[in-house]
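Here's the structure, in structure tokens; my notes come after.
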Amino acid sequence: MNKDNRNAAIAALIIILVFGLGAYFLPTIMLAVGEISTVAAAIIGSAFVAAFFVVFWLRGRAKR
């Protein structure tokens with residue numbers, strides 16, 4: 001494993017762990033926000049899913 005592969009693997013691990021924890025707590029957060037506004041809860045859920053793809057898209061652009 002060379003330096004580039006190792007850095008990519010570490011970055012992917014960190015991203016997966018952060019989003020894994022976020023996905024674990026997302027239902028609780030959405031229920032809490034949903035009591036205030038269902039639209040805000042939907043926006044938070046959509047933003048979480050979009051952020052997952054945006055992070056990998058930005059990482060791909062940075063590697064090019």
Side-chain angles (χ1 to χ4, degrees):
M1 185 177 259
N2 62 23
K3 185 179 178 184
D4 289 335
N5 290 345
R6 184 174 33 123
N7 288 343
I10 291 170
L13 177 67
I14 291 170
I15 291 167
I16 299 257
L17 286 175
V18 167
F19 278 101
L21 283 172
Y24 180 77
F25 290 111
L26 186 63
T28 306
I29 294 168
M30 287 185 65
L31 287 172
V33 173
E35 291 189 17
I36 299 168
S37 170
T38 55
V39 173
I43 290 171
I44 288 173
S46 299
F48 178 80
V49 172
F52 185 76
F53 292 105
V54 167
V55 165
F56 283 108
W57 176 71
L58 287 173
R59 176 119 176 103
R61 286 185 52 92
K63 295 302 280 183
R64 260 195 276 169

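Residues Tyr24 and Val55 fall within the same hydrophobic cluster, defined by Ile, Leu, Val, Met, Phe, Trp and Tyr side chains chained together at heavy-atom separations under 4.5 Å. Taking hydrophobic clusters as Ile, Leu, Val, Met, Phe, Trp and Tyr residues chained together by side-chain heavy-atom distances below 4.5 Å, Val18 shares a cluster with Ile10. No single ILVMFWY cluster, assembled from side-chain heavy atoms under 4.5 Å apart, contains both Ile14 and Phe52.
Here the closest heavy-atom approach between residue Ala8 and residue Arg59 is recorded as CA-NH2, 3.3 Å. Nearest heavy atom pair, residue Ala40 against residue Val33, reads CB-CG1, 3.7 Å.
Partner of Phe19 under the ring-ring contact (aromatic ring centres under 6.0 Å, His included) criterion, out of Phe53, Phe56, Phe48, Phe25: Phe48 alone.
Leu26 has its side chain within reach of Ile44: a pair of non-hydrogen atoms, C-beta onward, lies under 4.5 Å apart.
Of the possible donor and acceptor atoms, one in the side chain of Ser46 sits under 3.5 Å from a partner among the backbone N and O of Ala42.
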Requested in this report: Kindly determine whether Asn2 and Asn5 satisfy side-chain contact (heavy atoms from CB on, under 4.5 Å), including the steps that lead there.
Outcome: CA-CA 5 Å; Asn2 62 23; Asn5 290 345; 3.3 Å; yes
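Separating the CG atom in Leu13 from the CD1 atom in Ile16 is a distance of 8.0 Å, to the nearest 0.5 Å.
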